[in-house]
2 protein chains.
Amino acid sequence: MEKVKVLLVEDDPNLGSLLKEYLEAKGFSTVLATNGKQGYDVFSKDKFNICILDVMMPIKDGFTLAKEIRAIDANVPVVFLTAKSMKEDTIEGFNAGADDYITKPFSMEELLVRIKAILRRTDNKPSLQSEQSEFKIGNYKFDYKHQTLEIKGTQQKLTTKEADLLKLLCLNANDILDRNFALKSIWHDDNYFSGRSMDVYIAKLRKYLKEDSSVELINVHGKGFKLLTGK
Amino acid sequence: MEKVKVLLVEDDPNLGSLLKEYLEAKGFSTVLATNGKQGYDVFSKDKFNICILDVMMPIKDGFTLAKEIRAIDANVPVVFLTAKSMKEDTIEGFNAGADDYITKPFSMEELLVRIKAILRRTDNKPSLQSEQSEFKIGNYKFDYKHQTLEIKGTQQKLTTKEADLLKLLCLNANDILDRNFALKSIWHDDNYFSGRSMDVYIAKLRKYLKEDSSVELINVHGKGFKLLTGK
DNA sequence: AAGGTGACTTAACATAATTTAACACATGTG
DNA sequence: CACATGTGTTAAATTATGTTAAGTCACCTT
C-alpha cells in the first residue's frame, strides 16, 4: 500500500511543522511549503493525493494557488485552512473548488478525519485515460483495452502494468518517455523501488518485442525510454 | 441530467421545511423526514444521491440512522447536521462514515456549497440502485430484475449475488469496476473474506460467459475487474 | 425433528502479477 | 580511470487472484 502524499502549504512555521509531524505520524507522506510560490513549485514537480492550503499567505494566497494547482491537476482534492470565518470566504473557497474548508482553530484530529473522508471518495480514481486503445508497433498490433500484443497471428497476453507502460511508450513513440513522468502516471510514485520495478517491466517488454527487429526499446540515460517503431 | 435527490432528516419542522424549500429552489429534489425511523423507511423505498441527517433526533439518532442507511447503500454520501460542537461528536460522526459534519448555526448557502463539493466527487458513479435492468453483453442478454442470463435460447438462472455483481460490471462495461467499490456496494464490507467471496463469484460469472469468446472478464491487478463486451 | 436444497462463505491449493534483491554492466564525471 | 550513479537482467519473495471443494446457514419438506 503506497503512502498518501499530502502537500501542506502554511506560512506559519510553527503550525506548519506541527501539522506535518502529526500527519506523518499518521502515515501520510507530507511535504511542507511555507508560501504559495513554493507550494506551486513543489506541486508542479511531484504528484500529490491531496493539498491542504492556508488561505492567507504572503506573496500568493491560497485561493490563487488552488486555481494554479487545479490547472495542473483538475481532480486533486483541496482543503483550505483559514482564520477567517466569514461566510463569504467560505463560499469563495468552495467556488474555487474546495473539498473542505476548515476554520482555525481546529483540532488536528478533526483535520485528519476530514482528510480521510475526502480520500474515501477519491482513492478509487476513474483514471481518465486517453481513448485510443489500438496501436501499431512495427509489425505488432497492440490492443490496450484487451491487453494483448499480437504478431503473425501469435497473441501475447499482457499484464496491467505491462499494458500501461507500453501504452505510454506508444503515445510517445519515437520520442522520449520521461522516466519520472511514467513512474508518476503508472506507479503514482517515483521512489527508487518503483523505478527498479519499471526497469523490470522494460526488460519484459523488450522480450515481447524482439520478434520484429525494426522495433527497439532504447534507454536515454538519465531521461527515460524511447520506443523506436519500425522504419 | 436528472435532478439530484436529497434525503433530509430533521426533527425541527421549521428548519426542516426551510431547508427543503431552499434546496428545491436550488434545483434539488428533496424528501423531508422528521425522525429517524421515517427517514429509514423513505430511504429503503427510494434512491437518493445524498443524505443530510440531523444528529440529535428522538426515537433514532442520526448516527444510528446513518449506519442503517449505509447497510443498504454503502456508498451514498452522508452529511450530519448538529448543534453539538464538541470535538468527540465530530470525530464520531466521521468515523460513522460522514462526508461532512456541519455545526448549527450554519448558513444555507454554506450547506449548499458543501453538498456540491461532495457531489463533485461522487457524481458519475453507476450504482446498484440504477434503474436499468436489461443489458446486452456480446451475444448474451442479461436481465437483472429476473436474474437471468440468456444466450442462443439457453437460459441460466442467476443467484442474487451473481446478478448484483454482473450488473455492476455491466454498468461499468469496458471500464474498470473498482474492487472496493463493488465490495462495499454488494457486500457492505471490504474485508479479506468478502474479497475472496467476490473472487469466487467472478469465477462463476466467467463460466457462464464463456459461450461468447468476444466477451472477457479480466482482472486489473490491485484495482478491480473489467468486463469487455465484444465490440 | 431428520433430511434435503440452494445460496453463500471459508478453506485449500494453484497460478499469476508485482515488487524486491542481487549482481552484471554501462554511462558520465572529475 | 576511479568513482558514483543509472540501467539490464534474472530470480526470489510477496501479494493478489483463480478455482474447486468443503463448510455453514437459512429455508423448505416431510
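We name chains A, B, ... by the order of the sequence lines, and we start the count at 1 in each one.
- Look at NE2 on A:His221: it is 12 Å from C1' on C:dC25, rounded to the nearest Å.
- The A:Asp199 side chain lies nearest to D:dT9 when the options are C:dC8, D:dT9, D:dG18.
- Listed nucleotides: D:dT7, D:dT17, C:dC8. Nearest to the side chain of B:Phe225: D:dT17.
- Note on B:Asp100 versus A:Arg121: no salt bridge recorded, every NZ/NE/NH1/NH2 to OD/OE distance being 4.0 Å or above.
- Of the candidates C:dT18, C:dC8, D:dT7, the closest approach to any side-chain atom of B:Thr160 belongs to C:dC8.
- Rounded to an integer number of Å, the gap from B:Lys223 NZ to C:dA17 P is 15 Å.
- Remark: the backbone N or O of B:Pro58 is not paired with any side-chain donor or acceptor of B:Asn35 at under 3.5 angstrom.
- C:dT9 atom P lies 11 Å from atom CG of B:Asp164, rounded to whole Å.
- Rounded to whole Å, the distance from NZ on B:Lys161 to C1' on C:dA7 is 9 Å.
- Proximity of the aromatic rings of B:Phe80 and B:Phe63 is defined here by a centroid distance below 6.0 angstrom, and this criterion is met.
- Checked against salt bridge (Lys or Arg N to Asp or Glu O under 4.0 Å), B:Glu68 has the following partners two or more places apart in sequence or in another chain: B:Lys60.
- Partners of B:Thr30 under the side-chain contact (heavy atoms from CB on, under 4.5 Å) rule, at least two apart in sequence or in another chain, are B:Val6, B:Leu8, B:Lys20, B:Leu23, B:Glu24, B:Phe28.
- The nucleotide whose nearest atom lies closest to any side-chain atom of A:Arg206 is, among D:dG8, C:dC8, D:dT7, D:dG8.
- The side chain of B:Asn219 approaches D:dG18 more closely than any other nucleotide in the set D:dG18, C:dT18, D:dG8.
- The distance between atom NZ of A:Lys157 and atom P of C:dT15, rounded to the nearest whole Å, is 19 Å.
- Contact check on A:Asp164 versus A:Lys161 returns no salt bridge, with no Lys/Arg side-chain nitrogen under 4.0 Å from an Asp/Glu carboxylate oxygen.
- Atom NZ of A:Lys204 is separated from atom P of C:dA17 by 7 Å (rounded to the nearest Å).
- Per the geometry, OH belonging to B:Tyr201 stands 18 Å off P belonging to D:dT17, to the nearest Å.
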* To do: Apply the test salt bridge (charged side-chain N to carboxylate O under 4.0 Å, His left out) to residues B:Asp199 and B:Arg179: give CA-CA distance (whole Å), side-chain angles for both, the deciding distance (0.1 Å), then the verdict.
  => CA-CA 10 Å; B:Asp199 290 332; B:Arg179 200 180 163 85; 3.1 Å; yes
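- A heavy-atom distance below 4.0 Å to DNA chain C is reached by none of the residues of residues 139-148 of chain B.
- For the pair A:Lys167 and A:Tyr144, the cation-pi test (distance below 6.0 Å, angle within 45°) is passed.
- Atom NZ of B:Lys37 has 12 or fewer neighbouring heavy atoms from other residues, nucleotides or ligands inside a 6.0 Å radius.
- At a non-hydrogen distance threshold of 4.0 Å, B:Arg196 from residues 182-197 of chain B come into contact with DNA chain D.
- For the pair B:Met198 and B:Val220, both in contact range of DNA chain C, the more 5′-proximal nearest nucleotide belongs to B:Met198.
- Distance CG/A:Leu168 to CG/A:Leu183: 10.0 Å, rounded to 0.5 Å.
- With B:Lys157 contributing its side chain and B:His146 its backbone, the two residues share a donor-acceptor pair below 3.5 Å.
- Taking atom CD of residue B:Gln156 and atom P of nucleotide C:dG6, one finds them 13 Å apart after rounding to whole Å.
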Do any N or O atoms of the protein come closer than 3.5 Å to N or O atoms of nucleotides 10-14 of chain D, and which pairs are they?
| residue | atom | partner | partner atom | Å |
| --- | --- | --- | --- | --- |
| D:dT10 | OP2 | A:Lys207 | NZ | 3.3 |

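- The side chain of B:Thr159 places an N or O atom within less than 4.0 Å of a non-bridging phosphate oxygen (OP1 or OP2) of C:dC8.
- The side chain to side chain donor-acceptor pair (under 3.5 Å) check on B:Asn95 picks up nothing, with sequence neighbours excluded.
- Closest to the side chain of B:Arg179, out of C:dC8, C:dA17, D:dT17, is D:dT17.
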